[in-house]
Amino acid sequence: MGIANIGIPGLILIIILALIIFGPRKLPEIGKAAGQTLNEFKQSASDLISDGDEDNLANKKKEKP
């Protein structure tokens with residue numbers, strides 16, 4: 001029983017608890033901050049992948065006569 005088996009009732013309970021703890025005014029701010037963090041993470045990951053691709057391409061060019 002991992003986190004993937006929460007289901008709809010568990011998700012509703014989590015949302016209700018978040019509303020009680022943070023209040024309806026703070027939740028949009030928290031969601032926005034989480035979205036920005038996820039977006040920055042995706043950009044960093046794609047930059048690392050593209051840098052690795054460029055390095056591999058440069059190494060292949062050096063190997064060819």
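I21 is connected to L27 through a chain of hydrophobic side-chain contacts under 4.5 Å among Ile, Leu, Val, Met, Phe, Trp and Tyr, so both are in one cluster. L19 and L13 are not part of a single hydrophobic cluster, where members link through side-chain heavy atoms under 4.5 Å apart.
Atoms CD1 and CD1, from I15 and I20 in turn, are 12.5 Å apart once rounded to the nearest 0.5 Å.
For I8, the CD1 atom counts as loosely surrounded, since its 6.0 Å shell holds 12 or fewer non-hydrogen atoms of other residues, nucleotides or ligands.
Sorted by first and then second residue, the salt bridge (Lys or Arg N to Asp or Glu O under 4.0 Å) pairs involving residues 26-42 (not counting sequence neighbours) are K26-E29.
Listed here is the closest heavy atom pair of P28 and P24: CD-O, 3.3 Å.
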